[in-house]
Amino acid sequence: LKLAVLISGGGSNLKALIEAAMNPEYPAEIVCVGSDTDAAGLAHAAAAGVPSFVVRPSDYASRAEWGAALAAAIRDFEVDLVVSAGLMRILPAEFVSEFSPALINTHPALLPLFPGAHAVRDALAAGATETGVTVHIIDEGVDTGPVLRQAAVSIRAGEPEAELHERIKAEERPLLVDTVRAIAEGSLNLAAVAAAHQ
Ligand code: GRF
């Protein structure tokens with residue numbers, strides 16, 4: 001399975017996928033796409049010899065044009081799956097309709113709870129005792145697509161956001177690696193999940 005991993009930040013999820021793919025048993029070949037030139041995660045790709053390229057929103061006049069450039073770059077790699085892992089940008093509708101359902105995202109909350117860009121902070125602010133992580137198909141909404149996998153993480157009272165997010169990521173990384181493996185092996189059929197979700 002050839003996959004493009006979209007990142008904007010530190011890329012620890014990307015790193016987990018790269019490390020998994022180092023095992024010849026793990027059926028994935030990765031390219032990395034950064035949305036920002038200073039995305040630290042690009043260093044993980046470079047260190048592993050994983051092809052990476054950057055398509056910066058600030059280089060384009062509109063989200064739609066950025067999306068079109070992103071789609072063109074990914075299309076050139078002829079990937080089977082696009083994985084958004086810490087992409088802090090909303091993908092335009094044209095991009096989603098081109099790649100979904102072979103377009104998944106990982107989100108640091110138990111969707112539909114706490115959608116959006118501040119899921120960890122929102123769970124803490126809500127006084128929740130539990131949150132978690134969701135891997136889902138990206139559909140035309142924001143954090144609304146069919147759920148593929150979830151894992152729960154307890155919240156410790158008064159826990160700092162960064163600490164909770166790290167504990168969520170500890171669950172998130174293996175969950176994402178396992179979800180991609182299931183897709184690659186065919187035991188998880190994205191088209192079937194998307195069709196059932198209509
Ligand atoms: C992940 O927790 C992801 O769910 C969220 O942003 C975080 C990115 O972490 N959208 P990293 O860049 O993979 O370390």
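Counting starts at 1 for both ligands and their atoms, following the listed order.
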Under a 4.0 Å heavy-atom cut-off, what residues line ligand 1?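 Lining ligand 1: G10, G11, S12, N13, G86, T106, H107, P108, H165, K169, E172.
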D139 side, atom CG; Q198 side, atom CD - distance, nearest 0.5 Å: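 So the CG of D139 and the CD of Q198 are separated by 9.0 Å.
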If we ignore angles and hydrogens, is there a donor and acceptor under 3.5 Å between the side chains of E94 and S97?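 Result is no, nothing qualifies.
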Could you tell me whether the side chains of S154 and E130 share a donor-acceptor contact shorter than 3.5 Å?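 There is no such pair between these side chains.
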Salt bridge present between R167 and E171 (N-O < 4.0 angstrom):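 Looking at E171 together with R167, the answer is no, because their closest N to O distance does not fall below 4.0 Å.
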Side-chain donor/acceptor of N105 to backbone N/O of I138, under 3.5 Å: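 Such a contact is absent between N105 side chain and I138 backbone.
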Exercise: identify the closest heavy-atom pair between V79 and V31: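 Result for this residue pair: CG1-CG2, 4.2 Å.
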